[in-house]
Amino acid sequence: MFEPWGILVILIVCPLLGGLPLIAWITYALKRKQLSQVGTGNISVSAAFYHGGKIVGILAVLSEAFKGVAAVLLTRIFFPDGSSWELLALIALVIGRYWIGKGAGTTNVVWGFVVHDPLVAIFVSFFAGIAFTILQSKKLVKFGVLLLFPLFVALLHLSDIPRILAAVALAGLMGWIYTKIPDDMKLPAQEAQTESQAMLEFLRGDVYDGLRQRTMVSLDEELNAAIVGEKAATLSQIKRWGYPVPKGWVLAPIDDPQGLTEFLQPSELSPLVVRSSAIGEDSEQASAAGQYETVVNVTSSEALQEAIAQVQASYNHPSAIQYRRDRGLNDTAMAVLIQQQVQSVYSGVAFSRDPITQQGDAIIIEALPGSATQVVSGKVTPEQYRAFVVETENSYSVQLEGEGRVPQSLIKQVAYLAYRLEKRYHGTPQDIEWSYDGQTLWVLQSRPITTLLPIWTRKIAAEVIPGVIHPLTWSINRPLTCGVWGEFFTLVLGDRALGLDFAKTATLHYSRAYFNASLLGDIFLRMGLPPESLEFLTRGAKLSKPSLQSTWENLPGLGKLLKRELSLEKDFKEDYHNRFIPGLSQLAQEDIDSLEPAKLLARIDFILELLRHGTYYSILAPLSAALRQAIFRVKDGQIDHSVTPEVAALRSLSAIATDAKQVLLEFEPQQVFEQLKQTPEGEKILQAFNELLQDYGYLSEVGTDISVPTWRENPQMIQQMFVQLMQGNEPQAGAKDAINSIFAGKRKRSFVQRRVDIKGRVTEVYSRLLAELRWSFVALEKIWLKSGLLRQTGDIFFLNFDEVRRLIVDEDSNFIEQLDKLVEFRRSQFVQDSEIIQIPLLVYGHTPPHPLAPSELYSDQILQGIGASHGQAEGRVKVLRNLQDIPDIDRDTILVVPYTDSGWAPLLLRAGGLIAEAGGRLSHGAIVAREYGIPAVMDVRGATWILQDGQRVRIDGSRGIVELSNDLRPE
């Protein structure tokens with residue numbers, strides 16, 4: 001029994017011991033520096049010396065030595081001294097050190113091996129010392145040791161095969177890690193702690209001493225932008241992805257160029273180009289375009305040395321210094337990129353998004369015969385093209401606008417290159433410099449278009465809070481939502497969340513909600529998740545493979561998040577009974593019309609406190625349900641959404657309408673309620689209808705927008721739907737059977753179903769709280785209308801919450817004087833924004849221009865969306881942008897809407913199909929459509945302006961497509 005426990009110690013305790021961030025703790029405690037956020041990001045002994053100084057470095061050595069010694073001594077508790085298990089323990093320790101602790105584990109292995117086999121350690125140290133003294137090459141010695149110590153183990157323990165194999169495995173693992181982890185020794189010595197600089201200069205060996213010219217860094221290697229600049233690192237990455245990049249070499253900021261100039265030997269037949277690659281250049285914060293020198297046509301070693309010096313000197317040019325100061329950038333250093341010069345036939349630049357209009361999918365290409373420097377110089381007017389790429393599963397097509405001397409086939413190739421590189425960089429718009437030599441299309445540069453950052457997306461936001469948003473609604477929803485997301489992200493990231501401003505997660509453009517896709521993508525990558533994770537969880541989008549290393553690094557935080565997910569049901573039940581139910585009961589007992597402003601403010605604060613807790617569940621419950629559905633591969637049709645308030649309300653309304661038809665065999669649609677009053681049976685029907693309105697009166701057209709009246713305040717729509725149900729539109733038979741099978745098959749709640757039920761109950765609680773919040777503000781508005789502080793109904797929603805509080809608490813006379821103008825200005829802006837029909841899905845930058853009708857391409861008159869409810873339907877389009885005027889709807893009607901919230905649900909049961917501009921498989925409209933067997937396609941961009949009333953379309957809810965017809969019948 002002893003040995004199995006030893007194996008568990010090796011497999012579990014040693015990796016955790018290796019991952020223990022002792023160096024990070026020591027450095028932070030003594031120097032208040034986060035090693036993961038400076039330099040290379042390594043948490044290593046060399047990083048401790050570099051950023052923390054000698055004392056921190058020595059403590060780091062002792063802490064890592066302790067780990068190595070401890071791993072060997074722990075193993076000896078269970079196994080004989082000097083066994084191969086000690087080496088396996090070191091392997092486990094190094095794995096934890098690399099995957100969790102972000103270090104190579106060299107110190108762990110050295111000291112652990114000294115305890116394991118002192119004789120081998122002495123031999124290896126002796127030869128390593130001699131080799132370093134002679135060669136002064138840290139890299140050669142480092143990899144030489146990895147060859148020597150397995151060799152000495154084999155020579156001294158020839159009969160111990162397991163020990164030899166373990167030594168080889170340990171050496172192989174260390175060698176692999178050395179190729180993957182950046183070297184802190186390559187950082188500029190002058191930026192290190194003063195007391196560490198001399199030691200670092202000595203240990204650099206081949207990179208930074210008199211023989212440093214023996215090693216040359218090329219674009220074929222994985223490069224670190226913190227050392228060689230963004231330009232060189234990006235080109236290295238693009239080349240490793242398989243795109244053609246001219247062969248190149250990089251001089252780090254303090255490298256001696258002599259060895260490289262002697263090696264390259266440029267000539268008239270093989271000219272070189274010398275380019276800047278400054279630290280911070282071509283980044284998302286600053287492009288530094290044109291700030292530094294580029295020297296072309298370098299044809300001799302002497303010219304190469306001069307060009308390198310010229311490029312390096314350009315870093316300190318007055319205009320470059322001023323540029324960095326204007327953008328708040330620190331002075332760092334200049335790396336130099338030397339590449340083979342392309343003999344260009346055609347060259348140019350390409351923008352994967354239009355930097356002028358800042359919207360749409362057009363790729364902008366500028367091109368002309370000759371070299372690319374002509375285009376970027378601004379001295380020659382290039383030919384301009386606009387291109388649109390449409391990609392399907394197996395092919396793509398490119399449509400061009402513009403003509404010139406450059407072959408259209410080449411321009412299409414450039415367009416597709418720009419399209420693919422943008423996708424590679426997770427949707428970040430790219431500024432690409434390219435050149436064509438008659439055979440190959442070369443990538444010379446790719447950098448973010450800084451003016452188009454950050455990227456804001458309507459996806460998800462259009463579901464969370466759709467439509468045009470009033471200032472009061474936004475001032476309440478934004479801090480609630482961003483605060484909870486910040487809590488989740490901080491839980492996972494820990495210290496790495498420092499410096500992230502979660503208040504920037506969302507904003508308003510055109511009075512509509514947008515999420516910060518750039519920030520969310522960065523956060524998800526830090527968490528070890530793909531940048532599109534949120535879209536996957538909420539909308540069922542395809543998910544790319546996450547980084548194994550970053551996922552492993554975030555395992556502790558992800559474990560905490562998993563713990564929250566697993567305890568979701570228990571936590572919600574506890575809060576439901578101890579917090580939400582008592583709170584809602586207290587609110588229901590208050591007569592808000594009799595409360596003074598101060599007490600109404602106290603009531604609002606009480607509701608907001610409940611909403612802070614409710615927001616946590618309103619975000620986690622849908623994510624949990626979607627994740628479980630994806631993991632367990634449960635189909636949409638197998639899930640029962642009867643707990644969801646709008647589904648429950650719809651079923652109840654349908655049942656009451658069925659009973660009403662039994663009472664009124666013949667009726668006039670306009671007189672239904674009057675006719676029901678005339679009989680005792682009809683009175684019972686009306687009582688049931690009023691009870692339904694009482695039970696679900698907290699719902700509204702947009703459940704998350706407190707400016708929208710609730711059903712209780714505006715029952716006309718429900719009354720109309722009740723009459724339409726009485727006119728004979730029942731759920732399709734197939735849908736009823738599906739519903740029955742759902743109930744039959746889901747008696748015992750599955751893991752997925754239980755989360756869906758919680759989601760439904762959370763929606764009910766959250767919607768009730770928002771309704772109470774709305775009614776409190778309406779009561780406050782009535783007081784202010786009566787006193788003359790506000791002039792017309794709805795004015796309060798053009799104030800933000802801080803301004804409402806200010807009017808109640810401070811009674812600021814200056815603010816009161818400006819109140820009318822402020823409300824009028826915001827109301828006018830709101831009306832203007834409301835008239836914008838086509839809202840862009842993506843917005844680039846902080847100040848987007850007025851949206852333009854995008855030039856979309858549709859292959860064979862087909863619109864693509866997300867299939868959300870199976871089946872096919874053909875009919876006439878009815879575009880419905882709001883619920884103000886409810887049209888006559890029948891099975892020949894294909895409803896086209898901007899979004900679907902709880903208030904839209906009753907409309908859907910009469911339609912033949914649904915097309916929505918926003919939403920996914922878990923949106924309200926999709927759920928109701930599946931409930932009633934109505935085909936639905938969500939996320940069809942621009943549907944409400946592309947499709948026209950009366951136009952005939954055919955939708956396929958399984959494939960997510962809408963086929964257009966030119967058959968248009970005026971309404």
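Applying the ring pair (Phe, Tyr, Trp, His ring centres under 6.0 Å) test to Phe580 and every residue at least two apart in sequence or in another chain returns nothing. Every residue two or more places apart in sequence or in another chain that forms a side chain to side chain contact (heavy atoms under 4.5 Å, CB included) with Gln832 is listed here: Ser828, Gln829. For Tyr514, the ring pair (Phe, Tyr, Trp, His ring centres under 6.0 Å) partners at least two apart in sequence or on another chain are His509. Legend: residues meeting side chain to side chain contact (heavy atoms under 4.5 Å, CB included) with Lys677, ordered by chain and number and at least two apart, are Glu674, Glu683, Leu686. Evaluation of the side chain to side chain donor-acceptor pair (under 3.5 Å) rule for Asn800 yields Glu803 as partners, not counting sequence neighbours. Judged as a side chain to side chain donor-acceptor pair (under 3.5 Å), and not counting sequence neighbours, the contacts of Asp820 are Arg791. For the salt bridge (charged side-chain N to carboxylate O under 4.0 Å, His left out) test, no residue two or more places apart in sequence or in another chain qualifies with Asp495. In this structure Arg761 satisfies the salt bridge (charged side-chain N to carboxylate O under 4.0 Å, His left out) test with no other residue, sequence neighbours excluded. Remark: Glu781 pairs with no residue by the salt bridge (charged side-chain N to carboxylate O under 4.0 Å, His left out) rule, at least two apart or across chains. Remark: Arg564 engages Glu487 in a salt bridge (charged side-chain N to carboxylate O under 4.0 Å, His left out) (not counting sequence neighbours). Looking at residues two or more places apart in sequence or on another chain, you find no side chain to side chain donor-acceptor pair (under 3.5 Å) involving Asp695.
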Please set out all donor-acceptor pairs under 3.5 angstrom arising from side-chain atoms of residues 597-619, sequence neighbours excluded.
from, atom 1, to, atom 2, distance (Å)
Arg603, NE, Ser776, OG, 2.7
Arg603, NH1, Leu587, O, 3.3
Arg603, NH1, Glu590, OE1, 2.6
Arg603, NH2, Glu772, OE1, 2.5
Asp605, OD1, Arg805, NH2, 2.7
Asp605, OD2, Arg805, NH1, 3.3
Glu609, OE1, Arg612, NH1, 3.2
Glu609, OE2, His613, NE2, 3.4
His613, NE2, Arg579, NH1, 3.1
Thr615, OG1, Leu611, O, 2.6
Thr615, OG1, Tyr766, OH, 2.9
Tyr617, OH, Asp571, O, 3.1
Tyr617, OH, Asp575, OD2, 2.7
Ser618, OG, Thr615, O, 2.9

